[in-house]
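Have a look at the structure below before the remarks.
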There are 2 protein chains.
Amino acid sequence: MADHDGHRPDLAAMLQPLTRALIAAELPVLARHGISMWGYVVLNALDGNPAGTQGALAQAIGADKTRIIAILDELQLMGLISRERDPADRRARLLSITRAGRELRLAVRAEIQANENRVLTRLPAADRQAFLRAAAALSALPAEEFTRTA
Amino acid sequence: MADHDGHRPDLAAMLQPLTRALIAAELPVLARHGISMWGYVVLNALDGNPAGTQGALAQAIGADKTRIIAILDELQLMGLISRERDPADRRARLLSITRAGRELRLAVRAEIQANENRVLTRLPAADRQAFLRAAAALSALPAEEFTRTA
DNA sequence: TATTGTTATACTCTATAACTATA
DNA sequence: TATAGTTATAGAGTATAACAATA
């Protein structure tokens, strides 16, 4: 959407409030299921990628290794993940999602995406598909791609 | 981009790292021009909307009124905004962008959007246009639209 | 000596509450 | 008494540094 002078708002300036609003919409869903946002992020990262270490998980979700510890404590206590010492390296702890964790993840995702899809109906169908494609493509780019010229 | 089970990642989960990367790419540009990110946000809000009060500005950019004070102090000291007492209500202070402020804003915006456009070339041209259209349309929605069913 | 995970500490950002000057 | 702006305080979230166990 062009400015009066033919320019557009910065992409970041458009996406930041949008992302904030989407996250705000997730919070009631997550609260209803008794899980935190970071807990949900961890379940998403572990589903399909079991038996990684805590360090690998932290890196995968872009979090500090110290930040995920309390989250893992909680998920383990709720029976949503397993966290076993690696017999081959007794310093490490291998993480995987449990059946209950997977079920919770899928239930939460269904609700979140139902709401997202409702919002997306505000877009023409063609733009909706292109938007999702573009978001996936851009979010898959490595961080260096964004700071090439800076 | 569909999952192995036919599902997609949450929209918020895709947009958050993308937005973070775009903001990270802005920081060196802003630093080179000696301005903070919030300072740039304020200049963007004031350009074309002069003579508003601080409260109105805070609301417009979704910030607390206490949060913008230090930013306005800095912008005023740099000569990028003017901040005059309202003769009709001497409690209020009327804000407007100066010529220098407008020039700085445009210079920063040109650099930021040049980088954004470079990143966007990773998308097919049709998707690129649709993505910008969709981002503008969704970011223009009122916050209530996102939490209808929650 | 290096590494995994943990705990303790400090820092940044933001929100809340209390204050002033005008109305 | 209510409001615009300011200042001071407190809270949440995150990062940094120090530590224990194992390699």
Side-chain angles (χ1 to χ4, degrees), chain A residues 12-13 16-17 19-24 26-28 30-31 35-42 45-46 49-77 81-96 143, chain B residues 12-13 16-17 19-21 23-24 26-27 30-31 35-42 45-46 49-77 81-96 143:
Chain A
Q16 189 170 47
T19 304
R20 275 180 184 279
L22 287 170
I23 289 174
E26 291 188 2
L27 295 181
L30 294 165
I35 194 177
S36 69
M37 183 167 58
W38 281 108
Y40 177 60
V41 169
V42 167
L46 288 182
N49 304 306
T53 66
Q54 294 187 190
L57 172 65
Q59 190 171 17
I61 64 176
D64 195 89
K65 63 176 179 174
T66 64
R67 232 171 69 190
I68 63 171
I69 292 177
I71 303 159
L72 295 177
D73 290 345
E74 191 194 18
L75 291 175
Q76 187 178 20
L77 198 69
I81 63 168
S82 80
R83 199 185 190 188
E84 302 163 1
R85 292 229 168 263
D86 183 351
D89 181 349
R90 297 180 38 74
R91 295 172 302 181
R93 310 182 75 169
L94 300 179
L95 305 172
S96 57
Chain B
Q16 189 169 46
T19 304
R20 275 181 184 278
I23 289 174
E26 291 188 2
L27 294 181
L30 294 165
I35 194 176
S36 69
M37 182 168 59
W38 281 109
Y40 177 59
V41 170
V42 167
L46 287 183
N49 304 306
T53 66
Q54 295 188 189
L57 171 66
Q59 190 171 17
I61 65 177
D64 194 271
K65 63 175 179 175
T66 65
R67 231 171 68 191
I68 64 172
I69 292 177
I71 304 159
L72 295 176
D73 290 344
E74 192 194 16
L75 292 175
Q76 186 178 20
L77 197 70
I81 63 168
S82 79
R83 198 185 190 188
E84 303 163 0
R85 292 227 169 264
D86 183 351
D89 182 348
R90 296 178 40 71
R91 295 171 303 182
R93 310 183 75 169
L94 300 179
L95 305 172
S96 56

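So that the names make sense, note that chain A is the first sequence line, chain B the second, and so on, each numbered from 1.
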Taking atom C1' of dA15(D) as reference, at what distance in whole Å does atom CD1 of Ile68(A) sit?
15 Å
Contact letters for nucleotides 15-20 of chain C, in which S counts primed atoms plus P, OP1 and OP2 and B counts the base, heavy atoms under 4.0 Å:
SBB---
Ala12(B): partners by side chain to side chain contact (heavy atoms under 4.5 Å, CB included), with sequence neighbours left out
Leu22(A), Ile23(A), Glu26(A), Glu116(A)
To the nearest 0.5 Å, what is the distance between CG on Leu30(B) and OH on Tyr40(B)?
7.5 Å
Got a sec, which residues hit side chain to side chain contact (heavy atoms under 4.5 Å, CB included) with Ala58(A), two or more places apart in sequence or on another chain?
Lys65(A), Ile68(A)
Partner set under side chain to side chain contact (heavy atoms under 4.5 Å, CB included) for Arg67(B), not counting sequence neighbours
Trp38(B), Ala63(B), Asp64(B)
Each nucleotide N or O in nucleotides 21-23 of chain C that has a protein N or O under 3.5 Å away: list the pair and distance.
from    : atom 1 : to       : atom 2 : distance (Å)
dA23(C) : OP1    : Arg90(B) : N      : 3.0

Who passes salt bridge (Lys or Arg N to Asp or Glu O under 4.0 Å) against Arg90(A), sequence neighbours left out?
none
Rounding to an integer number of Å, can you tell me how far Leu95(B) CG sits from dA4(D) P?
13 Å
To the nearest 0.5 Å, what is the distance between CG (Leu57(A)) and CG (Leu95(A))?
6.0 Å
Within the structure, does a side-chain N or O atom of Trp38(B) lie under 4.0 Å from either OP1 or OP2 of dC13(C)?
no
Rounded interatomic separation in angstrom, taking CD1 from Ile69(A) and C1' from dG13(D):
16 Å
Whole-Å distance between dG5(D) P and Gln76(B) CD?
13 Å
Whole-Å distance separating the CZ atom of Arg83(B) from the P atom of dT6(D)
4 Å
Tell me every residue that passes side-chain hydrogen bond (donor to acceptor under 3.5 Å, both in side chains) with Asn49(A), counting only those two or more places apart in sequence or in another chain.
none
For Ser36(A), check side-chain hydrogen bond (donor to acceptor under 3.5 Å, both in side chains) against everything at least two apart and list the hits.
none
Residue pairs passing the side-chain hydrogen bond (donor to acceptor under 3.5 Å, both in side chains) test where at least one lies in residues 53-62 of chain A, sequence neighbours excluded:
Gln54(A)-Arg83(A)
Rounded distance (Å) that lies between atom P of dG13(D) and atom CD1 of Ile23(A)
13 Å
How many Å lie between CE on Met37(A) and C1' on dA12(D), as a whole number?
13 Å
Whole-Å distance between dT7(C) C1' and Leu72(A) CG?
15 Å
